[in-house]
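Here's the structure we're looking at; comments come further down.
Sequence lines set the chain letters: A, B, ... in the order given, protein chains first and strands last, and positions in each chain run from 1. Being a predicted model, the structure only gives us computed values, none of them experimental.
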2 protein chains.
Amino acid sequence: MDTIDIDSEMAFSNLEHVRVVMVHTSHPGNIGAAARAMKTMGFRHLVLVQPRDFPSDTATAMASGATDLLDSATVVDSLEDAIADCALVVGASARSRTLPWPLVNPREMAQQVLSMPSGSQIALVLGRERSGLTNDELARCHCHVNIPANPDYSSLNVASAVQVLAYELRMSAQASDAKPKPHWGVPWDQPPATAGQLESLFQHWQQVLVDIDFLNPHNPRTLMSKVRRLILRAQPDEVEANILRGMLSQIDKHLRKP
Amino acid sequence: MDTIDIDSEMAFSNLEHVRVVMVHTSHPGNIGAAARAMKTMGFRHLVLVQPRDFPSDTATAMASGATDLLDSATVVDSLEDAIADCALVVGASARSRTLPWPLVNPREMAQQVLSMPSGSQIALVLGRERSGLTNDELARCHCHVNIPANPDYSSLNVASAVQVLAYELRMSAQASDAKPKPHWGVPWDQPPATAGQLESLFQHWQQVLVDIDFLNPHNPRTLMSKVRRLILRAQPDEVEANILRGMLSQIDKHLRKP
């Protein structure tokens with residue numbers, strides 16, 4: 001009776017490309033517990049953005065049999081570095097925001113992940129223990145995932161959140177072992193743009209908005225957030241991102257001309 | 001904008017009657033972490049069968065804001081006492097057993113719980129950290145729940161298992177509650193742009209692309225189609241459409257200036 005997991009690990013191939021990104025984690029025990037949670041669900045890639053205390057004996061102790069994930073964890077300086085090559089970036093968000101952003105529950109998140117073109121790199125981003133992700137960090141995500149919780153006490157431990165998201169991915173992969181529909185309902189002819197490509201696009205876009213006096217750098221308000229949100233929602237492919245870049249470059253050129 | 005949890009807690013009334021039973025837990029930290037996990041998902045009733053060390057400061061520390069569940073936890077001498085009044089008893093089981101027993105995954109477990117006659121008492125039973133539930137204990141359960149896991153490393157922490165099961169109950173209760181969610185998962189603060197507004201936007205956009213020599217009107221190829229597809233996929237709201245229009249107007253203005 002070797003259980004329900006027999007349905008080959010093939011269905012899980014998209015999950016191979018999922019990394020968990022923990023941002024500014026304070027307690028090394030949470031890093032270890034997250035590694036254990038990940039490994040139980042078959043995930044391997046842990047990225048730590050400026051962890052306060054790592055490597056750490058506490059992390060190792062809490063990882064139990066998952067210390068290999070700690071050994072192979074990548075430590076980076078910025079969220080940008082952690083997600084640059086990712087085609088889908090999902091940020092865990094407990095709170096509602098002033099600026100609404102596409103929001104999914106863990107099950108919907110799993111469907112999105114499973115429907116990405118195969119080989120796409122995917123990041124699940126989790127924030128600080130007390131305060132989660134900043135608005136700036138959340139604005140780098142294609143969508144936000146909210147774990148449904150008790151409105152009176154919604155403070156999941158960060159490793160527990162990793163456990164729930166990883167479980168939901170595994171569970172959904174298993175449930176939908178039948179091939180999920182492709183992301184936009186049809187097979188797509190171009191790979192999705194990566195977060196790094198989009199970040200360059202947004203930087204360029206912002207510069208152009210300043211140059212044409214549309215954006216006041218001293219009072220930017222939510223303008224760029226709204227541009228980001230709009231474009232991220234569409235999940236541009238590489239050609240589309242290049243078209244937008246090309247357009248901006250061409251505007252630059254015309255602005256320089258007398 | 002108070003998020004997806006508005007759908008009254010009514011749908012969760014069956015969950016009121018769910019207790020978590022932890023059998024012979026060794027580490028008090030796991031009891032505390034389980035209490036926290038329970039409370040985040042809206043559960044309150046914790047029953048401890050011969051815990052090795054309870055009450056305990058470690059449990060209290062790990063419970064974070066859920067110490068009220070520890071205060072109200074019931075400590076009993078036997079599993080029998082813990083489940084006597086229950087109409088459904090589900091035992092967590094990681095291993096396959098010599099004697100096959102009805103086995104569900106967490107999602108199926110949730111469906112079973114939700115479909116019980118209202119007012120039925122329900123127990124989720126979790127075993128020892130190292131060895132789980134004994135065959136005798138498992139034989140007291142109506143069915144067993146197995147959390148799908150990595151076949152090479154399936155050792156979930158017991159509090160993580162509580163988190164997953166509690167999450168699945170809450171998630172399923174919410175999913176079966178009907179009311180379709182708003183389009184992007186959150187109530188949106190702006191109405192969607194109309195097709196007419198978007199058409200004006202695309203006309204304007206195209207004109208700008210011609211003016212900056214990015215689009216050759218005699219050989220337009222698929223450029224504008226790709227712009228349309230990208231923006232339409234994002235389903236812009238009115239403010240977003242206006243931002244793009246404003247940007248284009250500002251480019252016009254700068255192009256006219258010497």
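Across all their heavy atoms, A:Pro236 and B:Arg233 have their closest contact at CA-NH2, 3.7 Å. Annotation for A:Ala66 and B:Tyr153: closest pair N-OH, 3.7 Å, computed over non-hydrogen atoms. The nearest pair of heavy atoms linking B:Met171 to A:Pro148 is SD-CG, 3.5 Å.
Looking only at side-chain heavy atoms (C-beta outward), B:Gln174 and A:Arg107 stay at 4.5 Å or farther from each other. A 4.5 Å side-chain heavy-atom check between A:Lys253 and B:Ile212 finds every atom pair outside the cut-off. Proximity of B:Ile243 to A:Phe214: side-chain heavy atoms (C-beta onward) are separated by under 4.5 Å at one or more points. Residues A:Phe43 and B:Asn150 have side chains not in contact (no heavy-atom distance under 4.5 Å, counting atoms from C-beta outward). Side-chain contact check for B:Pro106 versus A:Glu168: every heavy-atom pair is 4.5 Å or farther apart.
Residue contact with chain A, scored on non-hydrogen atoms closer than 4.5 Å, is absent for B:Ser249. In this structure, the portion of B:Val239 lying under 4.5 Å from any heavy atom of chain A is its side chain and not its backbone. With a 4.5 Å cut-off on non-hydrogen atoms, B:Val208 does not touch chain A at all. If you measure heavy-atom distances from B:Leu209 to chain A, the contacts under 4.5 Å come from the side chain alone. Proximity to chain A (any heavy atom under 4.5 Å) is restricted, for B:Leu244, to the side chain, taken from C-beta onward. With a threshold of 4.5 angstrom between heavy atoms, B:Asp237 approaches chain A through its backbone and through its side chain. For B:Ala166, no part sits under 4.5 Å from any heavy atom of chain A, backbone or side chain.
To the nearest 0.5 angstrom, B:Ile231 atom CD1 is 4.5 Å from A:Ile231 atom CD1.
There is no side-chain donor-acceptor pair under 3.5 Å between A:Gln163 and B:Tyr167. A:Asp211 and B:His254 are not linked by any side-chain donor-acceptor pair at a separation below 3.5 angstrom, with hydrogens and angles left out of the test.
Residue B:Glu240 is tested with A:Arg229, A:Arg228, A:Lys226 for a salt bridge (Lys or Arg N to Asp or Glu O under 4.0 Å); the sole match is A:Arg229.
Residue A:Met62 places its CE atom among 12 or fewer non-hydrogen atoms of other residues, nucleotides or ligands, all under 6.0 Å distant.
Residues of residues 32-39 of chain B lying under 4.5 angstrom from chain A, judged on non-hydrogen atoms, are B:Arg36, B:Lys39 in numerical order.
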